[in-house]
Enquirer: 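Structure in structure tokens, see below.
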Amino acid sequence: MPKPMQMRLWLFVHSNSSPIPRILKRSFSNHVESTVNNNHAPDKKKKKNKEDPRVVKWNKAIAYHMRLGHLARAQQLFDQMPRTTVSSYNTMLSGYVSNSHFALAISLFSRMPSRDIISYNTMLHCHVRSGHLPTARHLFDEMPVKDEVSYNTMISAYARHGLLHQAKELFHQAPVRNNISWNGLLAAYIHSGRFELAKQLFESKPNWDVISWNSMIRGYVQQKQIYEAQKLFDNMPDRDNVSWNTIISGFAQSGDMTEARRLFDIMPVEKDVFTWTAVVSGYAKNGNVEEARGMFEKMPHKNVVSWNAIIAAYMQNRRFNEARKLFDQMPCRDQVTWNTMLSAYGNAGMIEEAREMFYEMPSRDTVSWSAMLAAYSQVGLSEEVLYMFREMFRRGTKANYSSYACALSTCADMATLNYGTQLHTQLFKVSYGMGCFVGNVLLTFYFKCGSMDDAQKVFDEMLEKDTASWNTMISGYARHGFGLKAWEVFDLMKQTQIKPDDITLVGVLSASSHAGLVDKGISLFYTMEQVYDITPKPAHYTCMIDLLGRAGRLKEAQSLVKEMPFEPEPTTWGALLGASRVHREPEIGIWAAKKIFELEPNNTGMYVLLSNLYASYGKWSDVLKTRVLMGGRGARKVPGFSWIEIKNKVHVFSVGDSAHPDKQRIYHFLEELDLKMKKAGYVSATEMVLHDVEEEEKVHMLRYHSERLAVAFGILNVPSGRPIRIIKNLRVCEDCHNAIKYIAKIENRLIILRDSNRFHHFSGGSCSCGDYW
DNA sequence: GTAGGGTTAG
């Protein structure tokens with residue numbers, strides 16, 4: 001049995017497809033011969049000694065300038081060299097890569113007269129660092145010879161991207177494994193969310209080095225198990241500065257700044273820029289900008305990253321002017337600086353400022369484009385999102401999963417399943433396997449579009465699933481009213497190594513509520529702390545109130561609200577309000593509505609809910625009062641009216657506030673409406689407004705009429721009672737198609753007509769409204 | 001020439 005090293009070289013020599021230059025091939029060949037004959041591995045030291053000392057001297061000088069980032073000087077030296085060897089090229093190559101000049105590295109690599117394994121490994125590292133894993137893999141596959149460095153480079157690259165499957169595959173394929181390979185595998189488990197497996201691996205091998213201990217601490221931090229992380233930190237055999245930085249940033253990220261600060265003050269190793277920056281960003285995340293600023297001032301050596309952290313601190317806490325001042329003062333800005341500003345403006349909905357940043361920034365990377373996409377998406381500019389997404393490709397920026405995520409979620413919002421599916425296909429072309437992130441994006445998309453089958457298919461095909469994948473499935477099914485299915489997924493999840501988190505339980509509780517699984521839901525809620533070690537949060541209470549409310553147990557829901565250990569959120573009150581409307585408990589509903597207005601005086605949606613609540617009891621004067629309170633804040637086309645037009649007939653949902661200040665506008669609308677209504681044989685709209693309180697009965701009748709149409713299409717009476725409804729393969733006439741869309745808008749539902757056929761696409765057929773063609 | 005820690009998008 002040949003030794004692994006010899007085996008690899010043998011493979012290389014006998015490979016006909018090897019792209020390696022002939023000269024190099026010959027020298028390799030000789031080398032192999034001698035190695036095989038002598039039956040021992042090549043001696044690296046001997047090889048090093050062969051290098052011309054003058055060349056070594058030049059190389060050292062080049063490397064020195066590269067380390068300092070003096071690229072031009074390094075280049076000059078390289079050009080002046082009396083004799084260049086592969087090692088000089090390699091020095092240049094690795095200098096370019098460590099200075100992130102990937103294009104220069106690629107160009108140099110292509111011009112090299114000969115290449116050795118180090119050139120190939122450096123190039124591999126180059127592609128990995130620039131984030132082009134498919135290119136790296138391609139090179140890896142084509143490499144004439146691979147050693148453990150090549151394998152390790154790929155393993156840890158896959159690990160960092162959460163691609164456990166690929167990392168594991170190469171780990172097992174690797175002919176030789178060292179500590180770095182094992183650490184790579186460990187990192188792969190951690191980054192793909194398979195922390196239980198990471199723990200098992202870590203426990204099974206006793207001789208781990210400090211790097212793996214640090215990875216495990218980081219893993220616990222990522223799992224939000226900070227006290228476990230601390231236990232590990234306390235027990236580890238020796239701690240270096242990275243260990244300290246990891247645990248400090250762990251406490252900082254988990255919001256425990258007291259402990260983070262205590263560790264910071266007692267740490268026995270020297271604090272570096274990582275330590276300081278972790279603390280600055282920790283204070284920022286806690287909203288303590290002053291303290292963050294104080295630490296920033298004290299920081300002995302600031303770099304761009306620390307500047308970025310302080311700018312993010314101000315931006316995250318909405319202190320835009322101060323952030324802007326710092327931004328202007330900064331000694332030098334990098335891509336992240338610009339992106340930080342851009343994305344923070346985007347998050348705040350300050351679209352103009354975001355746009356300004358985007359167009360002013362010297363260069364744009366994927367994050368910049370993604371942030372801009374997110375900014376547009378946030379303010380609902382769906383068309384802009386898709387335009388920018390295409391523009392991004394046109395400008396040659398590679399889209400990543402974030403950009404796809406944004407585009408896909410916009411597709412979901414616009415209910416453009418076709419374009420989204422197209423993106424799905426595209427994603428497959430560019431991707432290097434179904435990682436968690438891409439899978440989760442697709443799951444979200446298909447659920448948003450209501451294509452449960454497609455979502456399930458993606459889920460089944462996913463090689464790696466993390467907590468988010470399971471959560472998306474559970475809450476996806478829950479949202480669409482498939483409570484049993486959601487429970488099924490939850491039961492499956494419990495059989496895996498992945499632990500449910502608080503979001504999982506929110507999904508399961510809401511599934512229970514929509515499927516009427518009241519007892520299951522209640523028992524989960526009261527045992528979640530013991531079984532899953534998760535303390536109920538406001539969202540869990542909201543689910544419970546929704547669950548009890550839907551089941552008609554309003555009194556219990558009411559007392560649970562009172563028992564809550566924290567102030568109920570507007571959505572909690574909303575759940576109670578909705579239930580009280582369905583189960584005719586106006587007192588509770590009004591109580592809830594009042595609470596909502598205290599919390600959110602401008603919540604127009606709640607005004608509408610309240611006025612609907614009154615309307616369903618025939619309390620028309622209260623409807624009116626509520627509408628008056630709403631003022632001009634209603635999002636309707638004409639304030640005070642909800643109406644749809646179906647086949648030239650106007651259906652009025654409600655006519656409310658004749659007391660609305662914008663009388664001119666209302667009367668103008670009424671004139672138009674009048675004509676249409678009279679033509680359709682209905683009572684005049686003007687009449688209704690003038691006698692609105694008395695005539696509301698008639699309005700109610702009209703509402704009922706139009707609702708009947710809606711029921712025919714299956715739009716109302718959605719089993720889940722939730723605002724998403726998918727109608728597949730509907731044969732519908734043009735007018736009704738529009739009407740359905742309009743109902744969706746009025747009723748604040750997302751209705752998706754999937755694969756529906758419009759009137760003109762057919763010859764011979766009939767629509768549910770009675771029309772035929 | 002390969003592994004762990006701090007800042008930005010999702």
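Every chain is numbered from 1, with letters handed out A, B, ... down the list of sequences. Because the structure is predicted, anything quoted here is derived from the model rather than measured.
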Enquirer: Using 0.5 Å steps for rounding, measure from the NE2 atom of A:H191 to the OG atom of A:S156.
Expert: 10.5 Å

Enquirer: What's the verdict on ring-ring contact (aromatic ring centres under 6.0 Å, His included) for A:Y404 and A:F389, showing C-alpha distance, side-chain angles and the deciding distance?
Expert: CA-CA 8 Å; A:Y404 274 105; A:F389 185 70; 5.4 Å; yes

Enquirer: Do we see a donor-acceptor contact under 3.5 Å between the side chains of A:E148 and A:S181?
Expert: no

Enquirer: Heavy atoms only: give me the nearest A:L164-A:A188 pair and the separation to one decimal.
Expert: CD1-CB, 3.8 Å

Enquirer: Measure from CG on A:N183 to C1' on B:dA3 and round the result to the nearest Å.
Expert: 5 Å

Enquirer: Looking only at side-chain N and O atoms, does A:T472 offer a donor or acceptor that is under 3.5 Å from a partner on A:N440?
Expert: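 Short answer, no.
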
Enquirer: NE2 of A:H301 versus P of B:dT7: gap in Å, rounded?
Expert: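 Going from NE2 in A:H301 over to P in B:dT7 covers 20 Å.
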
Enquirer: Base, sugar-phosphate, or nothing for A:N303, non-hydrogen atoms under 4.0 angstrom?
Expert: base

Enquirer: Is A:R160 touching bases, backbone alone, or none of the nucleic acid, heavy atoms closer than 4.0 Å?
Expert: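 Sugar-phosphate: the residue A:R160, judged by heavy atoms under 4.0 Å, touches backbone atoms but no base.
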
Enquirer: What contact category does A:A405 fall into here, base, sugar-phosphate, or nothing, at under 4.0 angstrom with non-hydrogen atoms?
Expert: nothing

Enquirer: What integer distance in Å separates A:K302:NZ from B:dG6:P?
Expert: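 Going from A:K302 (NZ) to B:dG6 (P), I get 21 Å.
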
Enquirer: Strictly below 4.0 Å, heavy-atom distances to any atom of DNA chain B: list the hits from residues 210-217 of chain A, or just say none.
Expert: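 By residue number: A:I211, A:N214, A:S215.
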
Enquirer: Any donor-acceptor pair under 3.5 Å joining the side chain of A:D209 to the base of B:dG4?
Expert: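 No pair found.
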
Enquirer: Establish, yes or no, whether the cationic atom of A:R129 lies under 6.0 Å from the six-membered ring centre of A:F102 and within 45° of the ring axis.
Expert: no

Enquirer: If you take any heavy atom closer than 4.0 Å to DNA chain B, which residues from residues 307-319 of chain A end up in contact?
Expert: A:N308, A:Q316

Enquirer: Within residues 330-346 of chain A, which residues have any heavy atom lying less than 4.0 Å from an atom of DNA chain B?
Expert: A:V336, A:N339, A:T340, A:S343

Enquirer: Ignoring hydrogens and angles, state whether a donor on the side chain of A:W369 or A:T397 is under 3.5 Å from an acceptor on the partner side chain.
Expert: yes

Enquirer: Mind checking what makes salt bridge (Lys or Arg N to Asp or Glu O under 4.0 Å) contact with A:R111, not counting sequence neighbours?
Expert: none

Enquirer: Please report, rounded to the nearest Å, how far the C1' atom of B:dT7 is from the CG atom of A:D272.
Expert: 14 Å

Enquirer: Using a 4.0 Å heavy-atom cut-off across all strands, classify A:K285 as base, sugar-phosphate, or nothing.
Expert: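 A:K285: backbone/sugar contact only, no base atoms under 4.0 Å.
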
Enquirer: Write down the distance between CG (A:L185) and P (B:dG4), rounded to a whole number of angstrom.
Expert: 14 Å

Enquirer: Which part of the nucleic acid does A:V273 contact within heavy-atom distance under 4.0 Å: base, sugar-phosphate only, or nothing?
Expert: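 Base contact - A:V273 has a heavy atom under 4.0 Å of at least one base atom.
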
Enquirer: Which residues pass the side-chain contact (heavy atoms from CB on, under 4.5 Å) test with A:T91, not counting sequence neighbours?
Expert: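 Applying side-chain contact (heavy atoms from CB on, under 4.5 Å) to A:T91 gives A:N59, A:I62, A:A63.
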
Enquirer: Using only heavy-atom distances, decide whether a donor-acceptor pair under 3.5 angstrom links the side-chain of A:N400 to the base of B:dA9.
Expert: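 Such a pair exists between side chain and base.
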
Enquirer: Take the protein atom NE2 of A:H191 and the nucleotide atom C1' of B:dA3, then report the distance between them rounded to whole Å.
Expert: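 Interatomic distance, NE2 of A:H191 to C1' of B:dA3: 11 Å.
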
Enquirer: Per the salt bridge (charged side-chain N to carboxylate O under 4.0 Å, His left out) rule, what does the pair list look like for residues 355-368 of chain A, sequence neighbours excluded?
Expert: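 Applying salt bridge (charged side-chain N to carboxylate O under 4.0 Å, His left out) to every pair that reaches into residues 355-368 of chain A, excluding sequence neighbours, yields A:R324-A:E356, A:E352-A:R355.
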
Enquirer: With heavy atoms under 4.0 Å as the rule, sort A:T153 into base, sugar-phosphate or nothing.
Expert: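 The answer is sugar-phosphate, as A:T153 gets under 4.0 Å only of primed atoms, P, OP1 or OP2.
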
Enquirer: Distance check needed: B:dG10 P versus A:L443 CG, whole Å only.
Expert: 19 Å

Enquirer: Which of these passes ring pair (Phe, Tyr, Trp, His ring centres under 6.0 Å) with A:F78: A:Y89, A:W58, A:Y96?
Expert: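 Per the ring pair (Phe, Tyr, Trp, His ring centres under 6.0 Å) rule, the option paired with A:F78 is A:Y89, out of A:Y89, A:W58, A:Y96.
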
Enquirer: Output the rounded distance in Å from CZ (A:R177) to C1' (B:dA3).
Expert: 16 Å

Enquirer: Can you find an N or O donor on one side and an acceptor on the other, under 3.5 Å apart, linking the side chain of A:D240 with the base of B:dG4?
Expert: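 Indeed there is one.
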
Enquirer: With respect to A:F195, which candidate in A:F202, A:Y189, A:Y220 satisfies the ring pair (Phe, Tyr, Trp, His ring centres under 6.0 Å) definition?
Expert: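 Of A:F202, A:Y189, A:Y220, ring pair (Phe, Tyr, Trp, His ring centres under 6.0 Å) with A:F195 is met by A:Y220 alone.
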
Enquirer: Any idea which of B:dG6, B:dT8, B:dG4 is nearest the A:V242 side chain?
Expert: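 Given the options B:dG6, B:dT8, B:dG4, the side chain of A:V242 is closest to B:dG4.
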
Enquirer: On a heavy-atom basis, which atom in A:Q378 and which in A:G346 lie closest, and how many Å separate them?
Expert: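 The pair with the smallest heavy-atom distance is CD-O, 3.8 Å.
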
